[in-house]
Amino acid sequence: MVTIAHISDPHLGSPYFVPNLMNRVIIELNELAPDAVVVSGDLTTEGFRPEYKAWLAYAERIDAPLLTVPGNHDSRNVGYVHFEDLIGSRMWSTDINGVRVVGVDSSEPDLDEGKVGRVHYPWIKQEFRAASTLNIFVLHHHLLPIPGTGRERSTVMDAGDLLEVLIHAGVDVVLSGHKHVPYVWRLEDLYVANAGTVSSMRVRGHGKPCYNVLEFDGAEVRITRRFPFDAEAHQLAAFVPTGERHPREEPFEHAAADHG
């Protein structure tokens, strides 16, 4: 069994950040003892170094390895340089007992909108060519519009092209954050799981701070939502990955060949 906890948008430095929530989630994560914790961005509010250090004071108490990508708030005020200094690379890949996890930075400095960019597509394809039993892609911004999040500018600007790349690469699950609304979409054989904010009261409507947990037993993937101080796991999705790892023919490449 591979267990990956997914937290997002703690927002250190915000007046809406609740230390008691973060402390409780750390206890719950350490009791869960996942193989890794994915953090899909917005560790900070303004990207300032003291906010990053405040986040690290919490993060260092989490026993499991952290896999972190920056969010739009983290890249404010040239904050991405502090991310690289204190957190690590903004793009990475790793294997967790046969599960391939690839993370990219979708943030743009001082902009709320995000983009991955076609310059990174070959790298993404290459990283997913390794043999694996499950492929997971991590970014901060939405890949598909999420209900209750306002205008659809919350998706990455190159969402259509990126979706094509991920589906061709055999990605099974996308993990993201950004607008603090937990939701799961299915598109073909791809599941897109968005996490809410883990420790901020900057929530929409009657939403509550929460985080997700992905479990993979080698056959079935199960994604659940957890609320701090609530022992019940609320199921969001359960599915069997297709196991397909052969890229389909890409229409634009085919058209170029036909008219070359």
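Counting from 1, the numbers follow the sequence of the chain as shown.
For the salt bridge (Lys or Arg N to Asp or Glu O under 4.0 Å) test, residues two or more places apart in sequence or in another chain that qualify with D189 are R186. Residues passing the salt bridge (Lys or Arg N to Asp or Glu O under 4.0 Å) test with E215 are R222, sequence neighbours excluded.
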Report the C-alpha separation of F137 and I124 in whole Å, then their side-chain angles, then the decisive distance to 0.1 Å, and conclude whether the side chain to side chain contact (heavy atoms under 4.5 Å, CB included) test is met. CA-CA 9 Å; F137 183 74; I124 293 169; 4.0 Å; yes

Test side chain to side chain contact (heavy atoms under 4.5 Å, CB included) on V102 and W123; report intermediate values, then the result. CA-CA 10 Å; V102 175; W123 180 84; 3.6 Å; yes

Between R76 and D112, does the side chain to side chain contact (heavy atoms under 4.5 Å, CB included) criterion hold? Intermediate values first, please. CA-CA 9 Å; R76 290 180 176 177; D112 288 337; 3.2 Å; yes

Check against side chain to side chain contact (heavy atoms under 4.5 Å, CB included), E188 and I167: CA-CA 8 Å; E188 295 195 13; I167 290 173; 3.8 Å; yes

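Considering V171, L134, N135 as possible partners of R100, the one that fulfils the side chain to side chain contact (heavy atoms under 4.5 Å, CB included) test is N135.
Listed by first and then second residue, the ring-ring contact (aromatic ring centres under 6.0 Å, His included) pairs that reach into residues 54-82 are H11-H73, F17-Y58, sequence neighbours excluded.
One hydrophobic cluster holds both L56 and I26 under the rule that ILVMFWY side chains link at heavy-atom gaps under 4.5 Å. Note: the hydrophobic cluster containing V37 does not contain L67 (ILVMFWY, side chain heavy atoms under 4.5 Å, direct or indirect links). Linking Ile, Leu, Val, Met, Phe, Trp and Tyr whenever their side-chain heavy atoms come within less than 4.5 Å puts I223 and I96 in one cluster. Using a 4.5 Å cut-off between side-chain heavy atoms of Ile, Leu, Val, Met, Phe, Trp and Tyr, with links allowed through other members, F216 and V184 fall into the same hydrophobic cluster. M157 and L162 sit in two unconnected hydrophobic clusters of ILVMFWY residues. Membership requires side-chain heavy atoms under 4.5 Å apart, directly or through other members.
Checking side-chain atoms of T45 against main-chain N and O of S14 turns up a donor-acceptor pair under 3.5 Å. A donor-acceptor pair under 3.5 Å links the side-chain atoms of D74 to the main chain of T44, judged by distance alone. Panel note: side chain D217, backbone A219; a donor-acceptor pair is recorded below 3.5 Å. Between the side chain of N30 and the main chain of D63, a donor-acceptor pair closer than 3.5 Å is present. Not a single donor-acceptor pair under 3.5 Å links the side chain of E108 to the backbone N or O of N72. Between the side chain of E51 and the backbone N or O of G47, at least one donor-acceptor pair lies under 3.5 Å. A distance-only check finds no donor-acceptor pair linking the side chain of N194 to the backbone of Y183 [under 3.5 Å]. Panel note: side chain S199, backbone P10; a donor-acceptor pair is recorded below 3.5 Å. Judged by distance alone, with hydrogens and angles left aside, the side-chain atoms of H6 form no donor-acceptor pair with the main-chain N or O of S40 at under 3.5 Å.
In plain terms, the two heavy atoms of R90 and V69 that are nearest each other are O-CG1, 4.5 Å. Closest approach of D9 and S200 over heavy atoms only: O-CB, 4.3 Å. The shortest non-hydrogen separation linking V221 to P241 is CG2-CG, 3.7 Å. In plain terms, the two heavy atoms of H140 and S176 that are nearest each other are O-CB, 3.7 Å. Across every non-hydrogen atom of M1 and D35, the tightest pair is O-OD2, 3.8 Å. Of all non-hydrogen atoms in A195 and S8, the two that sit nearest each other are CB-CB, 4.1 Å.
Here CD of E28 is found 8.5 Å from CG of D230. Values are rounded to the nearest 0.5 Å. Between atom CG of residue N212 and atom CD1 of residue I7 there is a gap of 11.0 Å, rounded to the nearest 0.5 Å. Here the CG-CZ distance, from L21 to F229, works out to 6.0 Å after rounding to the nearest 0.5 Å. The CG atom of L236 sits 8.5 Å away from the SG atom of C210 when rounded to the nearest 0.5 Å. To the nearest 0.5 Å, atoms OG1 (T197) and OH (Y16) are separated by 12.5 Å. Here the NZ-CE distance, from K208 to M201, works out to 9.5 Å after rounding to the nearest 0.5 Å.
Residues L187 and L143 fail the side-chain proximity criterion, which asks for heavy atoms closer than 4.5 Å. Using a 4.5 Å cut-off on side-chain heavy atoms (C-beta onward), D172 and I136 make no contact. Two residues are said to be in side-chain contact when any heavy atoms from C-beta on lie closer than 4.5 Å; D85 and R49 meet this criterion. By the 4.5 Å heavy-atom criterion applied to side chains, P109 and V78 are not counted as neighbours.
The aromatic rings of Y191 and F239 sit parallel to each other, their planes meeting at less than 30°, with 60° as the upper class boundary.
At most 12 non-hydrogen atoms from other residues, nucleotides or ligands lie less than 6.0 angstrom from CZ of R118. Residue W92 qualifies as enclosed at atom CH2: its count of foreign heavy atoms under 6.0 Å is above 12.
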